[in-house]
Number of protein chains: 2
Amino acid sequence: MAMPAATTLLAWTRLLRAADLASQHCAASLRSLGLPPPEWYDVLLAIERSGAQRPRDLQVALGTEQYALSRLVDRMVRAGLLNRVPCPDDARGHTLHLTIEGRAMRAAMWPVYAQAIEAAFGSRVEEEDRVALARLLAPLAKPISA
Amino acid sequence: MAMPAATTLLAWTRLLRAADLASQHCAASLRSLGLPPPEWYDVLLAIERSGAQRPRDLQVALGTEQYALSRLVDRMVRAGLLNRVPCPDDARGHTLHLTIEGRAMRAAMWPVYAQAIEAAFGSRVEEEDRVALARLLAPLAKPISA
DNA sequence: TTCTTGTCGATGCAACCGCATGGGATTTTC
DNA sequence: GAAAATCCCATGCGGTTGCATCGACAAGAA
């Protein structure tokens, strides 16, 4: 296959750098206040929104690896934020529920996370450009087919 | 601080997802052929271009953490791709040089890496949109000031 | 010079990730 | 309805990361 076009390489490096810088900033921001990392928030939010989720569904929704999610849930259960409840329909699995502390943690994390997103991303791009970015990135945010 | 605008959140999630999917694809592509991960390529390329580099300069250029680069270089030296040469000007540090194998490895990695970038990114966005993306991402690829 | 401060790079330790695999339950196939 | 294939989730192991810190040199101040 041919070498990627120059514009491809430029956009490529900037995409990776931008995502890395921004996510690092968020993680650092949460950590500096003694809060868990961003993935925890995503899990807490997803479960809070749906009431309960099977690990498999979460895995798909969040785009994580199966083992990564398994261990992430482990840690969150150990931290008292989540409960694993045996699943009546399917004895292989279980459903995940928020504890009171889990709900509180999500609420506590949001302002910090939100502010970090704003600082690392929102405030650095004009509204109009954010719209354009969302549109341009849409195809790239879909699973790679080939 | 206020909650980020809806467009911010949408663009944000897509940015992270897009970068993650694409870089995963590249890493997997190289690994499936028994080649080292993308970071190794970046290091090899940077050194090949400049002839030699101090770790500190590489760290800045690649945007990695100091300890991460230190250990990455370790592995690459152990793999026989790099040499650490004492630095005459500054006895604290050293300069990094490619070995013959290092040069060969960079050359071997490129077609694979290039094709992966093309598959994960280039071929999924029109030329015109790549230009737009590069422009929109430019401010985000700069270090976060605040 | 001597003392303080700053920079370069390495590393111990604990947490985390990726790969491969395993055990158990379910669905499919014949 | 038994065997085969598939799916759900966990985990052992080795490699990697992040944090904090350290040792060594360099540069600036007194």
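Values below: every heavy atom of this structure, side chains too, minus hydrogens, waters and symmetry copies. Every chain is numbered from 1 and lettered A, B, ... according to where its sequence line falls, protein lines coming before strand lines.
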Polar pairs (N or O, both sides) under 3.5 Å between protein and nucleotides 8-11 of chain C?
{"unit_1": "C:dC8", "atom_1": "OP2", "unit_2": "B:R56", "atom_2": "NH1", "d": "3.1"}
{"unit_1": "C:dC8", "atom_1": "O3'", "unit_2": "B:R54", "atom_2": "NH2", "d": "3.3"}
{"unit_1": "C:dG9", "atom_1": "OP1", "unit_2": "B:R54", "atom_2": "NE", "d": "3.3"}
{"unit_1": "C:dG9", "atom_1": "OP2", "unit_2": "B:R56", "atom_2": "N", "d": "2.7"}
{"unit_1": "C:dG9", "atom_1": "N7", "unit_2": "B:Q66", "atom_2": "NE2", "d": "3.4"}
{"unit_1": "C:dA10", "atom_1": "OP1", "unit_2": "B:R84", "atom_2": "NH1", "d": "2.5"}
{"unit_1": "C:dA10", "atom_1": "OP2", "unit_2": "B:S70", "atom_2": "OG", "d": "2.7"}
{"unit_1": "C:dA10", "atom_1": "OP2", "unit_2": "B:R84", "atom_2": "NH1", "d": "3.3"}
{"unit_1": "C:dA10", "atom_1": "N7", "unit_2": "B:Q66", "atom_2": "NE2", "d": "2.9"}
{"unit_1": "C:dA10", "atom_1": "N6", "unit_2": "B:Q66", "atom_2": "OE1", "d": "2.9"}

A:Y41: partners by ring-ring contact (aromatic ring centres under 6.0 Å, His included), with sequence neighbours left out: A:W110, A:Y113
B:R92: salt bridge (Lys or Arg N to Asp or Glu O under 4.0 Å) partners, not counting sequence neighbours: B:D90
Between P of D:dG14 and CZ of B:R75, the distance in whole Å: 17 Å
Touch class at under 4.0 angstrom, heavy-atom based, for B:A91 against every strand present: sugar-phosphate
Listed partners of B:A79 passing side-chain contact (heavy atoms from CB on, under 4.5 Å), at least two apart: B:W40, B:L81
Rounded interatomic separation in angstrom, taking CZ from B:R78 and C1' from D:dT16: 11 Å
Near-strand residues of residues 42-51 of chain B, defined as heavy-atom separation under 4.0 angstrom from DNA chain D: none
Separation of D:dC9 P from A:Q53 CD (nearest whole Å): 11 Å
Partner set under side-chain contact (heavy atoms from CB on, under 4.5 Å) for A:L33, not counting sequence neighbours: A:L35, A:V112
Separation of B:L21 CG from A:L137 CG (nearest 0.5 Å): 11.5 Å
Distance in angstrom units between A:E65 CD and D:dC8 P, rounded: 15 Å
Test side-chain hydrogen bond (donor to acceptor under 3.5 Å, both in side chains) applied to A:R71 - qualifying residues, sequence neighbours left out: none
Residues 44-54 of chain A, side-chain donor-acceptor partners within the protein, below 3.5 Å, at least two apart:
{"unit_1": "A:E48", "atom_1": "OE1", "unit_2": "A:R106", "atom_2": "NE", "d": "3.0"}
{"unit_1": "A:E48", "atom_1": "OE2", "unit_2": "A:R106", "atom_2": "NE", "d": "3.4"}
{"unit_1": "A:S50", "atom_1": "OG", "unit_2": "A:A46", "atom_2": "O", "d": "3.0"}
{"unit_1": "A:S50", "atom_1": "OG", "unit_2": "A:A52", "atom_2": "O", "d": "3.1"}

Whole-Å distance separating the CG atom of A:D89 from the C1' atom of C:dG24: 17 Å
Which donor-acceptor pairs under 3.5 Å do the side chains of residues 8-17 of chain B make with protein atoms, sequence neighbours left out?
{"unit_1": "B:T8", "atom_1": "OG1", "unit_2": "A:R130", "atom_2": "NE", "d": "2.9"}
{"unit_1": "B:T13", "atom_1": "OG1", "unit_2": "B:L9", "atom_2": "O", "d": "3.2"}
{"unit_1": "B:T13", "atom_1": "OG1", "unit_2": "B:L10", "atom_2": "O", "d": "3.0"}
{"unit_1": "B:R14", "atom_1": "NH1", "unit_2": "A:A134", "atom_2": "O", "d": "2.7"}
{"unit_1": "B:R17", "atom_1": "NH2", "unit_2": "A:A61", "atom_2": "O", "d": "3.0"}

